[in-house]
Amino acid sequence: MRHFLTLKDFTKEEILDIVDIAISIKKDFLQGKSTPLMKDKILAMIFEKNSTRTRVSFEAGIYQLGGMGMFLSSKDIQLGRGEPIKDSARAIGSMVDMIMLRTYAQERLEEFAAYSPVPVISGLSDLFHPAQLITDYLTMIECGIYLQDRRYDNLHIATPKVAYIGDGNNMANSWLMLASKLGFDISIASPDGYMPDTKVLEDAMKFAQISGAKITITHSPKEAVQGSNVVTTDTWASMGQEDEKEERKKVFKDYCVNDDLMSLADKNAIFLHCFPAYRDQEVTDSVVEGHQSRVFKEAQNRLHAQKGIMVWLHQNRI
Ligand code: CP
Ligand code: NVA
């Protein structure tokens, strides 16, 4: 049985297959056709952290696939009172068909999956946010920025070069995984001490040797953004780092994506952000609201991308 905990566990072909399922389901959705590919299936959604997009997209998504979503806040269930993961995983997994978990340590997801009798999907951990990256590649494809391996209907403008500016967090780690698996260029600009995870970077370097991805790690946002097709960033203080907020504002003050920085990217470059965004910290309001921003297309694509993930897991179950 396969789980969706990190893109590290997926081949390039499998990642592209998930994206293709998402594209096909989105097409049907836009034409008003129903896609009951998970009829009567139940998705339990366990949140140990807050969420807007992940919750709404998984819950609406499973419903539109003919199934039903069950929202479980860790504040309300026994997991939040210290019930062992291995007990919660077996009990919940014995009654539903799939489980999504948003949590802190990646190890919690891994332990949950090890004991779960049904597929487990990461809804974000401190280390990765893989569902967001399926979404972001889907959004890139729709904007004509994709690798040549699979051609889509729209005009293809470039081999993607992505610039990620800011904290070397779960989003930066996930971009490294996506780029190194698929084979596109990624430049990450982060301050000293806030670089992506060392082990993730090592893994990404290994995958890049196979895929041909070019990975650049720098302290300079300008160097990273130069000529890129996608510019992206994320909050300076992730969930769980609330106490570091003020300190991080000082450390990251030169890492704001503003119009000047965007002007160094390719003239057709797009701006992406997983959201929630903190205006005038990691990005200015003018970039979020500007003509290169695709952030609301990206947010809406969570719905379609995650249908792709759920359907792929459902089709690949044994
Ligand atoms: N991007 C994302 O995962 O958003 P939420 O935290 O609102 O789910
Ligand atoms: N890095 C952010 C992403 C939120 C979707 C966090 O973990 O809080």
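Note that ligands are numbered from 1 as they come in the structure, with each ligand's atoms numbered from 1 the same way.
- Ligand 2 places these atoms under 4.0 Å from at least one heavy atom of N170: 1 (N), 2 (C), 6 (C), 7 (O).
- Where the criterion is an N or O separation shorter than 3.5 Å, residue side chain and backbone included, S238 meets it with respect to ligand 2.
- R108 and T103 are linked by a side-chain donor-acceptor pair at a separation below 3.5 angstrom, with hydrogens and angles left out of the test.
- In terms of hydrophobic clustering, with Ile, Leu, Val, Met, Phe, Trp and Tyr side chains grouped at heavy-atom distances under 4.5 Å, L101 and Y115 are assigned to different clusters.
- The main-chain N or O of T135 is never found under 3.5 Å from a side-chain atom of N301 such that the two would form a donor-acceptor pair.
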Give every pair made of an N or O atom of ligand 1 and a protein N or O atom lying under 3.5 Å apart, one pair per line with both atom names and the distance to 0.1 Å, or write 'none'.
{"from": "ligand 1", "atom 1": "1 (N)", "to": "Q132", "atom 2": "OE1", "distance (Å)": "3.0"}
{"from": "ligand 1", "atom 1": "1 (N)", "to": "C274", "atom 2": "O", "distance (Å)": "2.8"}
{"from": "ligand 1", "atom 1": "1 (N)", "to": "F275", "atom 2": "O", "distance (Å)": "3.0"}
{"from": "ligand 1", "atom 1": "1 (N)", "to": "R302", "atom 2": "NH1", "distance (Å)": "3.3"}
{"from": "ligand 1", "atom 1": "3 (O)", "to": "T54", "atom 2": "OG1", "distance (Å)": "3.0"}
{"from": "ligand 1", "atom 1": "3 (O)", "to": "R102", "atom 2": "NH2", "distance (Å)": "2.9"}
{"from": "ligand 1", "atom 1": "3 (O)", "to": "H129", "atom 2": "NE2", "distance (Å)": "2.8"}
{"from": "ligand 1", "atom 1": "3 (O)", "to": "R302", "atom 2": "NH1", "distance (Å)": "3.0"}
{"from": "ligand 1", "atom 1": "4 (O)", "to": "R53", "atom 2": "NE", "distance (Å)": "3.0"}
{"from": "ligand 1", "atom 1": "4 (O)", "to": "F275", "atom 2": "O", "distance (Å)": "3.4"}
{"from": "ligand 1", "atom 1": "6 (O)", "to": "R102", "atom 2": "NH1", "distance (Å)": "2.8"}
{"from": "ligand 1", "atom 1": "7 (O)", "to": "T52", "atom 2": "N", "distance (Å)": "2.7"}
{"from": "ligand 1", "atom 1": "7 (O)", "to": "R53", "atom 2": "N", "distance (Å)": "2.9"}
{"from": "ligand 1", "atom 1": "7 (O)", "to": "R53", "atom 2": "NE", "distance (Å)": "3.0"}
{"from": "ligand 1", "atom 1": "7 (O)", "to": "R53", "atom 2": "NH2", "distance (Å)": "3.0"}
{"from": "ligand 1", "atom 1": "8 (O)", "to": "S51", "atom 2": "OG", "distance (Å)": "2.7"}
{"from": "ligand 1", "atom 1": "8 (O)", "to": "R53", "atom 2": "N", "distance (Å)": "3.4"}
{"from": "ligand 1", "atom 1": "8 (O)", "to": "T54", "atom 2": "N", "distance (Å)": "2.8"}
{"from": "ligand 1", "atom 1": "8 (O)", "to": "T54", "atom 2": "OG1", "distance (Å)": "2.7"}
{"from": "ligand 1", "atom 1": "8 (O)", "to": "R102", "atom 2": "NH2", "distance (Å)": "3.3"}

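- Atoms of ligand 2 lying under 4.0 Å from at least one heavy atom of F275, given by number and element, are 5 (C).
- Here D126 has no heavy atoms under 4.0 Å from ligand 2, in either its backbone or its side chain.
- Looking at atom 8 (O) of ligand 2, its nearest protein heavy atom turns out to be M239 N, 2.8 Å.
- Relative to the ring axis of F10, R2 places its NZ or CZ within 45° and under 6.0 Å from the centre.
- Residues Q78 and D87 have side chains that never bring a donor and an acceptor to within less than 3.5 angstrom of each other.
- With hydrogens and angles ignored, the 3.5 Å screen pairs a side-chain donor or acceptor of S263 with a backbone N or O of D260.
- At under 3.5 Å, not a single nitrogen or oxygen of M171, backbone or side chain, sits near a nitrogen or oxygen of ligand 2.
- Residue I42 holds its CD1 atom at 12.5 Å from CE of M98, rounded to the nearest 0.5 Å.
- Contacts between L124 and ligand 2 below 4.0 angstrom, taking non-hydrogen atoms only, involve the side chain exclusively.
- Geometrically, ligand 2 and D234 share a nitrogen or oxygen pair separated by less than 3.5 Å.
- Formation of a donor-acceptor pair under 3.5 Å by the Y104 side chain with backbone atoms of M239 is not found in this model.
- Taking the six-membered ring where the residue is Trp, the centroids of F252 and Y194 are separated by under 6.0 Å.
- In this structure, F71 has its ring center at least 6.0 angstrom away from the ring center of F58.
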